[in-house]
Amino acid sequence: MKDNLVIVESPAKARTIEKFLGNNFVVKSSYGHIRDLSKKNYGVDIDNGYKPHYVIPDDKKKIVSELKKNVKKAVTIWLASDEDREGEAIAWHLYEALELNEESTNRIVFHEITKEAITNAINTPRSIDKKLVEAQQARRILDRLVGFELSPVLWKKVKQGLSAGRVQSVAVRLLVEREREIIAFKSKSSFKVTAVFEAPDEEGKTNQLKAELSKRFETQKEAVSFIENCKKAQFTVKDRVTKPSKKSPTAPFTTSTLQQEASRKLGFSVSQTMSVAQRLYEAGKITYMRTDSVNLSESALKSAKKIIESQFGEKYLKSRKYKTKTKSAQEAHEAIRPTYLENQTIEGNSHEKRLYELIWKRTIASQMSEAQLEKTTVTIGISTSEHNFIATGEILKFDGFLKVYIESTDDEQETAFGGLLPPVDVNDKLEVSSVQATEKFTMHPPRYTEASLVKKLEELGIGRPSTYAPTISTIQNRGYVVKEDRPGRPRKYKSITLEGGQVSQEVKTETTGTEKAKLFPNDIGMLVTDFLMKHFPEIMDYNFTAKVEKEFDEIAEGKIKWDEMIHKFYPPFHEKVQKTLETSERSKGERLLGKDPASGKNVYVKIGKYGPMAQIGDSDSEEKPRFAALRKGQHLETITLREALDLFKLPRKLGKYEEKEVVAGVGRFGPYIMHDSKFYSLRKESDDPLTVKLDRAIEVIEEKRKRDREKIIKTLEEGDNKLYILKGRWGPYISYGNNNYKVPKDVNADELSFEDCMKIIKNQETKSNKRKTTKRKKK
DNA sequence: CAGTGAGCGAGCTTCCGCTTGACTT
């Protein structure tokens with residue numbers, strides 16, 4: 001007999017707790033929310049007190065009917081969704097949708113999945129907190145009203161298919177503002193001076209001592225004159241100070257910090273981290289991965305203690321409890337940690353192993369003692385200058401938690417320990433072996449990575465652990481933002497060296513501005529941000545979420561009514577929407593750059609049907625204007641007349657090869673060479689289609705032909721039917737007609753016959769048909 | 001898969017937060 005039905009949110013959680021409960025319990029999962037606002041008419045009856053209209057989405061119908069069956073069989077229902085606003089709402093929706101009654105329903109909560117916590121929860125049931133449910137309802141309705149009123153404004157005034165919302169629009173705003181800071185940034189240069197001294201020790205052995213001048217020079221002249229003065233200078237140790245310092249471990253992982261560290265240490269994207277973590281969670285290897293809590297359960301603390309003591313010794317142990325710094329945290333779960341800390345490694349693919357080990361180390365380190373450091377600073381006076389050289393060294397007296405874990409930072413500066421300094425004393429005279437002044441440039445603020453954007457959003461209290469990854473996908477899918485690498489540019493810098501009594505000057509080259517997997521706002525993202533900032537500044541305000549969150553809390557506490565809160569917000573907001581629809585112009589980001597010297601016509605840039613473009617001539621004139629698409633990295637707001645005119649020089653005829661015209665141009669996929677109606681990609685970094693010569697174009701054509709020849713493993717023919725077996729990026733594949741088919745892994749591509757290939761093709765054809773139909777459904 | 005950019009109109013898009021599939025390239 002199973003009289004008791006427990007409903008939780010996640011099936012993995014259901015499996016685990018079923019084990020803790022007796023035979024008299026069956027545990028099922030709701031797979032998150034089971035009802036949502038209808039999409040018709042906002043799903044909200046605005047004229048009737050904002051009454052929500054809830055429906056069960058198609059993909060949840062099966063789950064709900066399954067749960068209903070289980071309800072019928074049970075005597076008592078236990079609603080065990082998370083103890084936060086969303087969890088309480090899930091419990092209430094279950095109560096409503098499953099038509100439960102109060103006598104047979106209990107609401108229970110637990111924060112950690114242990115037998116003790118669950119038994120304890122079963123012993124202290126309560127009823128559903130209606131106020132908290134109403135706070136969630138207000139949150140849901142507000143987001144719906146904002147999203148479904150603003151997005152159509154963008155469809156009419158900017159471009160179809162765009163979207164706006166409380167979270168995504170602010171995320172884009174952050175990126176747009178940072179990009180503009182970078183565009184406006186003016187780099188300043190100064191001269192950093194370093195010196196290498198020779199310090200003899202007691203045994204007469206010389207040690208090198210590296211030091212940096214306390215002053216940076218603004219001009220080359222000052223730097224040169226300083227170095228010239230060093231020629232005859234005497235260098236004396238003026239001071240030596242040694243100070244102890246400490247370094248403490250950071251808190252165990254939350255969703256956001258896991259995403260940041262996995263990005264920095266393992267190079268994972270935010271969504272990659274989440275899907276690997278999901279697999280670890282489902283396999284029972286880690287605790288829940290969508291959490292804002294830094295708390296560890298008592299049992300985890302105990303086993304961490306045991307492991308640290310036995311592996312590293314008692315002096316490495318320091319039990320700690322961490323408190324969240326995030327104001328918006330709801331802490332329905334534990335921090336992310338290994339389920340069984342005694343497993344330092346796990347079975348799995350390399351991604352799973354690496355992420356697991358990262359989580360293990362971070363968790364263990366959080367319960368370890370501080371590292372003890374000792375920082376030594378030596379000040380070296382110069383007889384010919386008022387400035388000093390400063391040498392710093394840091395040594396580790398006791399490694400503590402650093403034995404297992406070193407947290408990384410976003411700063412790209414060198415922060416390595418300087419090591420031990422040679423034993424020099426005050427008044428020692430030092431021999432200088434070299435002095436060097438190097439020109440350094442100030443850096444613009446860094447562009448956001450996916451993970452650093454998540455960090456910023458979390459700081460602002462915008463978005464939740466379950467939405468960070470989807471939000472980042474949304475803003476990329478809408479075309480507001482792209483994630484990409486951009487090559488750096490060479491930059492010249494000056495260097496002045498004193499060595500062997502000789503001063504020499506050099507100009508060297510370094511690469512600067514290389515970007516890897518960074519988020520870049522597109523013109524459409526900038527345009528939409530400007531539009532929303534102009535007409536809906538309160539929604540775009542970085543404090544908007546914090547402000548409404550406070551009101552949601554007040555609803556939960558019973559201080560204000562949910563519908564009154566919505567009513568304070570909606571009418572003025574709706575009025576602005578109406579006014580914007582009626583009065584604002586269509587926003588194209590148009591800018592007049594000047595006149596085309598060849599024709600005397602106006603040159604514009606604006607957003608066209610296919611994206612940002614330049615235009616020569618007016619749309620309403622008799623002669624049709626000419627158009628050219630902007631290139632990657634060019635912005636409507638920064639492109640110059642000259643750069644815009646250059647765009648019209650393409651496609652360019654380079655000459656003839658094999659009696660056919662060779663043309664250079666830029667297309668959707670970057671710069672290309674066209675010859676005999678075939679396309680050949682130019683290398684983005686080194687080939688410029690504006691200047692590329694015929695010789696180089698022929699080289700590109702021949703290289704591609706050679707690659708294509710090497711690509712063919714086999715050609716097979718039967719009658720008029722011809723197919724090729726080719727070498728591809730992901731292994732061998734069959735090219736037949738206009739389609740490609742993958743050769744299965746267990747098959748040797750060299751030995752395939754025509755019939756074998758046709759079988760593979762047929763097999764995959766049926767598969768891909770299925771796929772097409774499901775895809776269409778989704779659309 | 002790389003040329004497009006007139007104008008009209010039908011029908012469509014869209015939010016945030018809970019969850020996991022079912023997909024491959």
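What you see below is based on every heavy atom in this structure, not just the backbone, and it leaves out hydrogens, waters and symmetry mates. Below, chain A is the first sequence line, B the second, and so on; all start at residue 1.
Following rounding to the nearest Å, A:K40 (NZ) and B:dT13 (C1') show an atom-to-atom distance of 17 Å. Rounded to whole angstrom, the span from the OH atom of A:Y281 across to the C1' atom of B:dT19 amounts to 10 Å. Taking atom CD of A:E9 as the reference point, atom P of B:dT20 lies 9 Å away to the nearest angstrom. Atom CZ of A:R652 is separated from atom P of B:dG3 by 17 Å (rounded to the nearest Å). Atom pair A:L67:CG and B:dT19:P shows a separation of 16 Å (rounding to whole Å applied). Nucleotide B:dT20 holds its C1' atom 16 Å from the CD atom of A:E66, rounded to whole Å. A:K13 places its NZ atom 13 Å from the P atom of B:dC18, with the value rounded to the nearest Å. The interatomic distance linking A:K60 (NZ) with B:dG21 (C1') rounds to 11 Å, in whole Å.
Atoms CG and CG, from A:L79 and A:L94 in turn, are 6.0 Å apart once rounded to the nearest 0.5 Å.
Remark: A:K550 does not engage A:D553 in a salt bridge, criterion side-chain N to carboxylate O under 4.0 Å. With respect to A:R173 and A:D541, no salt bridge is recorded, no charged nitrogen being found less than 4.0 Å from a carboxylate O. One finds a salt bridge joining A:R166 and A:D143 here, because a Lys/Arg side-chain nitrogen approaches an Asp/Glu carboxylate oxygen to under 4.0 Å. No salt bridge links A:E352 with A:K285; every basic N to acidic carboxylate O contact stays at or beyond 4.0 Å. Between A:R464 and A:E86, none of the side-chain N atoms (NZ, or NE/NH1/NH2) sits under 4.0 Å from a carboxylate O, so this pair counts as no salt bridge.
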inquiry  = Counting Watson-Crick and G-U wobble pairs with both distances under 3.5 Å, what is the dot-bracket string for DNA chain B, 5' to 3', using [ ] for crossing pairs and | for pairs to another strand?
reply    = .........................
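For B:dA2, the OP1/OP2 oxygens have no side-chain nitrogen or oxygen of A:S681 closer than 4.0 Å. OP1 and OP2 of B:dG5 both lie 4.0 Å or more from every side-chain N or O belonging to A:Q615.
Using a 4.0 Å heavy-atom criterion, one finds that A:G611 contacts the bases of the nucleic acid, with or without backbone contacts as well. Across all strands shown, A:P11 has heavy atoms under 4.0 Å from sugar-phosphate atoms exclusively, and none from any base. Within the nucleic acid shown, A:Y680 has no heavy atom closer than 4.0 Å to any nucleic acid atom.
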Nucleotide N/O of nucleotides 14-17 of chain B paired with protein N/O under 3.5 Å:
residue, atom, partner, partner atom, Å
B:dC15, OP1, A:S163, OG, 3.2
B:dC15, OP1, A:Q168, NE2, 2.6
B:dC15, OP1, A:R478, NH2, 3.3
B:dC15, O2, A:R140, NH1, 3.1
B:dC15, O2, A:R144, NE, 3.2
B:dC15, N3, A:R140, NH2, 3.0
B:dC15, N3, A:R144, NE, 3.2
B:dC15, N3, A:R144, NH2, 3.3
B:dC15, N4, A:R144, NH2, 3.4
B:dC16, OP1, A:V167, N, 2.9
B:dC16, OP1, A:Q168, N, 3.0
B:dC16, OP2, A:Q168, NE2, 3.3
B:dC16, O4', A:D143, OD2, 3.2
B:dC16, O3', A:R166, NH2, 3.0
B:dC16, O2, A:R139, NH1, 2.9
B:dC16, N3, A:R140, NH2, 3.4
B:dG17, OP1, A:R166, NH2, 2.8
B:dG17, OP2, A:T467, OG1, 3.0
B:dG17, O4', A:R139, NH2, 3.2

Show each protein N/O and nucleotides 8-11 of chain B N/O combination with a separation under 3.5 Å, one pair to a line.
residue, atom, partner, partner atom, Å
B:dG11, O6, A:Q160, NE2, 3.4

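In summary, the aromatic rings of A:Y42 and A:H53 are positioned with their centroids too far apart to meet the 6.0 Å limit.
Stacking of A:R140 on the aromatic ring of A:Y54 is not recorded, the 6.0 Å distance cut-off and the 45° axial limit not both being met.
A stacking contact links A:F679 to B:dA2: the aromatic ring centre lies within less than 5.5 Å of the base's six-membered ring centre, and the planes differ by less than 30°.
Pairing each heavy atom of A:V133 with each of A:E88, the nearest pair is CG2-O, 3.7 Å.
Between the side chain of A:R591 and the backbone N or O of A:I639, at least one donor-acceptor pair lies under 3.5 Å.
Taking only distance into account, the side chain of A:Y610 meets the base of B:dT4 through a donor-acceptor pair shorter than 3.5 Å.
Counting heavy atoms from C-beta on, the side chains of A:L682 and A:I673 come closer than 4.5 Å.
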inquiry  = Set out, in order, the CA-CA distance, both residues' side-chain angles and the distance that settles salt bridge (Lys or Arg N to Asp or Glu O under 4.0 Å) for A:K28 and A:E66, then state yes or no.
reply    = CA-CA 9 Å; A:K28 293 284 166 190; A:E66 197 67 23; 5.7 Å; no
